[in-house]
Student: 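Here it is, the structure in full.
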Amino acid sequence: MRYVYPTACHASLAAEVEAMLRAALTDLSSSGALPGQAEQFPFTVEKPRDPAHGEVATNVALSLAKVVGKAPRDLASLIVDVLEARLDQDSYIDAIEVAGPGFINFRTNARYLADVVCGIAKAPLGSRWAECRQPRSVLIEFVSANPTGPMLVVNARAAALGDVYCRLLNRTGHRASSEYYVNDAGGQIRTLGRSLEARVRQAAGDDVPFPEDGYPGDYLRDLANDYLAVCGPVEGPGDEERWMRMGDWAAARILSEQKALLERYGVTFDRWTHESAIRSGPGTEEVLDILCKRGYLYEKDDALWLRSTAYQDDKDRVLVKSDGSYTYLLPDLAYHMDKFDRGFDRVINIWGPDHHGYIQRMRAGLAAMGYPEENFEVIISQWVRLLSGGKEVSMSKRGGTYVTMDELLDEVGRDAARFFFLMRSASSPLDFDLDLAKEQSNENPVYYAQYAHARIAGILEGARGRGVNVPSAEEVNRDALALLGAPEELALVRRLADFPGEMVAAAESLEPHRLATYVLGVAAEFHSFYTECRVLGEDAALTRARLHLCQASARVVAEVLGLLGVTAPNRM
RNA sequence: GCGCCCGUAGCUCAGCCCGGAUAGAGCAUCUGACUUCUAAUCAGGUGGUCGGAGGUUCAAAUCCUCCCGGGCGCGCCA
């Protein structure tokens with residue numbers, strides 16, 4: 001197993017069962033009951049959908065039946081006999097049975113449930129719930145919006161994703177850093193400068209035309225007024241030098257607004273790397289040197305080309321244009337070389353769907369430089385379509401009718417925005433229902449999860465108010481928790497036990513939407529429990545057990561919401 | 001044309017990577033539950049040829065092939 005789980009949970013239980021099965025198979029093959037290769041045969045150990053099938057189930061007999069030449073159920077009972085003989089007193093496993101077409105189901109004892117609740121309640125908030133045995137040093141680059149205009153709703157989606165990736169990886173034993181690449185160089189800065197110049201002149205009363213390929217948004221009119229106030233009017237015809245200077249000025253202003261907005265969203269970056277610095281540094285020439293030495297560089301039509309077709313790209317790519325300037329790819333390769341040189345052994349980028357065609361050339365370039373391809377990953381964060389009143393909000397940057405990230409946060413708030421983005425997998429285009437996200441009602445899933453946390457806080461407060469001693473984690477033991485037995489209680493504990501495994505699964509697959517789904521499940525189990533099981537009751541021992549279950553539930557809800565960057569309120 | 005994403009209940013989606021036991025949620029809709037720790041809640045009903053067709057398998061929403069529909073990308077732009 002690649003992960004160690006410090007608390008009792010379903011993942012550690014599954015690991016225990018898998019080890020038992022491996023040992024049993026070894027026994028059987030060394031006694032000649034099974035052929036030798038049976039030991040290595042693949043099988044799965046998982047949680048059955050139906051709780052009636054026990055806590056853990058395996059298909060080992062089904063997948064082995066054919067090579068062994070036995071009926072699955074017969075083989076299963078053979079294995080069960082060995083397993084039962086090996087069961088020791090400390091095991092969480094209580095009963096093992098053959099079921100259905102040949103599954104082996106494992107049932108757990110009360111000690112397992114008690115340890116789950118205890119372990120979770122005792123762990124401090126922000127604990128490492130799982131420790132990877134092969135930790136990696138991961139760099140996650142995301143958002144990296146052009147400093148030529150306000151950030152849009154898609155940027156908010158990427159920000160939420162990258163932020164959670166970092167936390168997930170750090171909490172599962174890896175070392176992850178976040179980084180923002182500032183595209184403050186190249187033609188777009190010049191375009192930005194020309195656009196600003198035109199707006200400044202217009203603001204000063206000159207009737208000058210706006211550049212055809214300029215950035216039309218109103219934000220540049222505001223910036224132009226600031227520019228006038230700070231730098232004064234512009235005189236005479238523009239030239240390259242002035243456009244670049246004005247472009248730099250505007251980009252710096254826009255960048256600081258982006259930083260502030262991301263901060264408001266709760267997303268921080270460990271480092272901001274500027275494309276301009278990469279371009280002026282030695283990296284770009286180094287990349288060319290390396291590629292040249294390795295034979296992946298050639299000249300054609302006065303330009304320098306990367307032979308990316310050697311690594312499955314559709315066509316070769318220009319790195320240095322015929323006018324001597326660099327394409328976007330060259331500094332980007334230098335940037336990624338820098339990432340690896342800084343010691344990161346796993347580099348993840350979150351890009352928009354418009355960059356999908358860019359992945360292969362980047363991968364090819366890095367491979368040509370000798371970096372292992374598998375250390376470079378790109379997550380495509382798909383588009384967001386905004387819906388209001390059941391209709392699509394048209395998003396035309398050209399027409400200036402787009403919704404900015406700023407406006408989104410004003411509209412729906414940080415918690416709802418983040419939760420909505422994280423509810424869906426990054427690879428799916430997202431329909432963001434503004435009305436639903438704004439709604440402070442039962443229809444809004446984010447409140448459903450938060451409400452569970454607030455309810456628990458209410459119970460704990462109520463207990464204190466009535467003079468009930470709220471037990472600390474250390475005070476509750478297995479015996480006290482053995483009183484938990486109602487179906488709703490058991491279902492809730494079973495769900496809590498999934499948490500460390502769910503977190504690892506989300507981290508490994510980089511799919512935080514699993515956690516959103518999971519926390520809604522925990523909330524659902526809690527709400528059922530709340531309805532059926534009175535916590536603050538007559539029976540003091542039962543009250544203590546349930547208070548402890550409440551604390552463990554609150555801990556899990558808070559942990560998951562925290563991972564997602566959503567607050568866990570005590571009152572709603 | 002090539003590449004990627006999507007197609008599962010009326011709507012929005014999970015499940016697919018790594019095949020398992022009667023395919024799950026939420027919304028909508030219908031029926032019930034607040035003198036009790038928060039009803040922003042709960043219990044239950046209705047609703048499915050998992051886009052289609054083949055194939056692999058003891059077993060396919062899941063893996064393979066082909067096809068259909070929707071979205072996006074294929075610059076010496078960034």
Side-chain angles (χ1 to χ4, degrees), chain A residues 42 44 46 48-50 52-53 57-59 62-63 65-66 71-72 99-103 105 146 148 183 185-189 191 213 275 300-305 314-315 317-323 325-329 331-332 352-361 380 382-383 385 387 390 423-431 433 436 439-448 450-452 454-463 465-466 468 488 505 508-509 511 513-514 516-517 520-521 523-524 526-537 543 546-547 550 571-572:
Chain A
T44 60
E46 34 189 44
R49 219 179 13 250
D50 185 346
H53 295 141
T58 179
N59 64 351
L62 287 160
S63 46
K66 193 158 196 184
F103 291 101
N105 295 339
N146 288 333
T148 54
N183 297 121
Q188 59 182 0
I189 296 302
T191 304
D213 59 345
E275 184 189 350
K300 192 180 94 180
D301 303 333
D302 295 326
L304 266 183
W305 293 71
D314 296 339
K315 52 176 103 168
R317 306 291 172 177
V318 171
L319 292 180
V320 182
K321 303 183 215 170
S322 49
D323 67 0
S325 64
Y326 299 154
T327 61
Y328 185 77
L329 182 58
D332 214 4
D354 51 330
H355 280 66
H356 137 261
Y358 189 71
I359 299 172
Q360 197 47 45
R361 75 191 68 168
I380 293 292
Q382 285 289 340
W383 292 125
R385 208 164 57 123
L387 301 178
M423 263 195 312
R424 303 278 175 254
S425 77
S427 62
S428 303
L430 175 68
D431 281 336
D433 188 331
L436 180 59
E439 196 149 349
Q440 309 238 338
S441 79
N442 54 350
E443 291 176 26
N444 191 335
V446 67
Y447 293 110
Y448 184 85
Q450 289 180 318
Y451 184 49
R455 261 188 159 173
I456 297 170
I459 293 171
L460 297 178
E461 197 185 301
R466 291 160 193 235
V468 176
E488 293 79 13
E508 288 209 313
S509 60
E511 289 179 341
H513 73 274
R514 287 161 168 253
T517 305
L520 290 174
F526 179 79
H527 289 313
S528 294
F529 159 75
Y530 179 91
T531 304
E532 293 303 319
C533 304
R534 173 90 198 166
V535 176
L536 304 177
T543 294
R546 287 180 171 167
L547 279 172
C550 283
R571 211 180 276 267
M572 287 173 75

Student: Do the side-chain N or O atoms of T531(A) get closer than 4.0 angstrom to the phosphate oxygens (OP1, OP2) of A39(B)?
Tutor: no

Student: For nucleotides G71(B) and C27(B), find the distance between their C1' atoms and express it as a whole number of Å.
Tutor: 24 Å

Student: To the nearest Å, give me how far apart CZ (R424(A)) and P (G26(B)) are.
Tutor: 13 Å

Student: Measure from the side-chain heavy atoms of K315(A) and tell me the nearest of C37(B), C74(B), A21(B).
Tutor: C74(B)

Student: Locate the shortest heavy-atom distance separating E488(A) from S528(A); write the atom from each residue and the value.
Tutor: CG-O, 4.0 Å

Student: Whole-Å distance between G20(B) P and D50(A) CG?
Tutor: 15 Å

Student: Does U22(B) have a Watson-Crick or wobble mate here (both distances under 3.5 Å), and if so which one?
Tutor: none

Student: So what's G48(B) paired with, Watson-Crick or G-U wobble, going by both distances under 3.5 Å?
Tutor: none

Student: Is a side-chain donor or acceptor of T543(A) paired with a backbone partner of G537(A) at a separation under 3.5 angstrom?
Tutor: yes

Student: Just by modelled atom types, is the V446(A) backbone N or O under 3.5 Å from a matching donor or acceptor in the N444(A) side chain?
Tutor: yes

Student: Please report the closest heavy-atom contact between D213(A) and T191(A), naming both atoms and the distance.
Tutor: O-CG2, 3.3 Å

Student: Give the rounded distance in Å between these two atoms: CG of L520(A) and P of C27(B).
Tutor: 11 Å

Student: Quick one: look up who C2(B) pairs with, Watson-Crick or G-U, both distances under 3.5 Å, and put none if it's unpaired.
Tutor: G73(B)

Student: How do S528(A) and C533(A) order along RNA chain B: which one's closest nucleotide is nearer the 5' end?
Tutor: C533(A)

Student: Roughly, in whole Å, what's the span from CZ in R317(A) to P in C77(B)?
Tutor: 13 Å

Student: Counting side-chain heavy atoms from C-beta on, which of A40(B), C37(B), U41(B) comes nearest to M572(A)?
Tutor: A40(B)

Student: Using the glycosidic torsion, which applies to C17(B): syn (within 90° of 0) or anti (everything else)?
Tutor: anti

Student: At less than 4.0 Å, is any side-chain N or O atom of S428(A) found next to OP1 or OP2 of A14(B)? Yes or no.
Tutor: yes

Student: Phosphate oxygens OP1/OP2 of C74(B): is one of them under 4.0 Å from a side-chain N or O of H355(A)?
Tutor: no

Student: Is R455(A) positioned over the aromatic face of F526(A), cation under 6.0 angstrom from the ring centre and no more than 45 degrees off axis?
Tutor: no

Student: Rounded to the nearest Å, what distance is computed from the NE2 atom of residue H513(A) to the C1' atom of nucleotide C16(B)?
Tutor: 10 Å

Student: To the nearest angstrom, how far is D354(A) atom CG from C77(B) atom P?
Tutor: 17 Å

Student: Looking across every strand, which nucleic acid part, if any, lies under 4.0 Å from A454(A) by heavy atom: base, sugar-phosphate, or nothing?
Tutor: base

Student: Would you mind classifying the nucleic acid contact of D301(A) as base, sugar-phosphate or nothing, using non-hydrogen atoms under 4.0 angstrom?
Tutor: base

Student: Does OP1 or OP2 of G75(B) have a side-chain N or O of Y358(A) closer than 4.0 Å?
Tutor: no

Student: Using a heavy-atom cut-off of 4.0 Å across all strands, would you classify N146(A) as base, sugar-phosphate, or nothing?
Tutor: sugar-phosphate

Student: Do F103(A) and the base of A21(B) stack face to face, with centres under 5.5 Å apart and an angle between planes under 30°?
Tutor: yes

Student: The side chain of P429(A) is closest to which nucleotide in this list: C5(B), U22(B), C37(B)?
Tutor: C5(B)

Student: Mind checking whether H527(A) and Y448(A) have parallel, tilted or perpendicular rings, split at 30° and 60°?
Tutor: perpendicular

Student: Within this structure, what is the CZ-to-P distance between R514(A) and A14(B), rounded to whole angstrom?
Tutor: 12 Å

Student: Considering heavy-atom distances to RNA chain B, does A524(A) or N105(A) have its closest nucleotide positioned more toward the 5' end?
Tutor: N105(A)

Student: Categorize R534(A) for me: base, sugar-phosphate, or nothing, with a 4.0 angstrom heavy-atom threshold over every strand shown.
Tutor: base

Student: Any chance the side chains of N183(A) and Q188(A) put a donor and an acceptor closer than 3.5 Å?
Tutor: no

Student: With the side chain of Q382(A) defined as its heavy atoms from C-beta on, choose the nearest nucleotide among C5(B), A21(B), G20(B).
Tutor: C5(B)

Student: At 4.0 Å (heavy atoms only), tell me whether A57(A) reaches a base, stays on the sugar-phosphate, or touches nothing.
Tutor: base

Student: I want to verify a distance call: between A78(B), C17(B), C37(B), whose nearest atom is closest to the K321(A) side chain?
Tutor: A78(B)

Student: Taking any heavy-atom pair under 4.0 Å as a contact, classify R49(A): base, sugar-phosphate, or nothing.
Tutor: sugar-phosphate

Student: Which part of the nucleic acid does T44(A) contact within heavy-atom distance under 4.0 Å: base, sugar-phosphate only, or nothing?
Tutor: nothing

Student: Answer with base, sugar-phosphate or nothing: what part of the nucleic acid does S322(A) contact at a heavy-atom distance below 4.0 Å?
Tutor: base

Student: Between A40(B) and C34(B), how far apart are the P atoms? Round to whole Å, please.
Tutor: 15 Å

Student: Please work out if G357(A) contacts a base, only the sugar-phosphate, or nothing of the nucleic acid, heavy-atom cut-off 4.0 Å.
Tutor: sugar-phosphate

Student: According to the Watson-Crick and G-U wobble definitions, with both distances under 3.5 Å, which nucleotide is paired to C42(B)?
Tutor: G32(B)

Student: Using a heavy-atom cut-off of 4.0 Å across all strands, would you classify H53(A) as base, sugar-phosphate, or nothing?
Tutor: base

Student: Under 3.5 Å, is there an N or O donor on one side and an acceptor on the other linking the side chain of N59(A) and the base of G20(B)?
Tutor: yes

Student: Can you tell me which nucleotide in U41(B), A14(B), G73(B) comes closest to the side chain of Y448(A)?
Tutor: U41(B)

Student: Using a cut-off of less than 4.0 Å, is there contact between a side-chain N or O of S427(A) and OP1 or OP2 of C6(B)?
Tutor: yes

Student: Are any of R361(A)'s side-chain N or O atoms less than 4.0 Å away from OP1 or OP2 of C74(B)?
Tutor: no

Student: Verify the stacking flag for H356(A) against G3(B): centroid separation must be under 5.5 angstrom and the ring planes must differ by under 30 degrees.
Tutor: no

Student: Taking atom P in both C64(B) and C18(B), compute the distance separating them and give it to the nearest angstrom.
Tutor: 9 Å

Student: What's the closest nucleotide to the side chain of D431(A) if the choices are C37(B), U41(B), C13(B)?
Tutor: C13(B)

Student: Taking the side chain from R424(A) and the backbone from P429(A), do they hold a donor-acceptor pair closer than 3.5 Å?
Tutor: no

Student: What is the nucleic acid contact for E275(A), judged by heavy atoms within less than 4.0 Å: base, sugar-phosphate only, or nothing?
Tutor: sugar-phosphate

Student: Specify the closest pair of heavy atoms between L62(A) and P72(A), including all atoms of both residues, with the distance to one decimal.
Tutor: CD2-CB, 3.9 Å

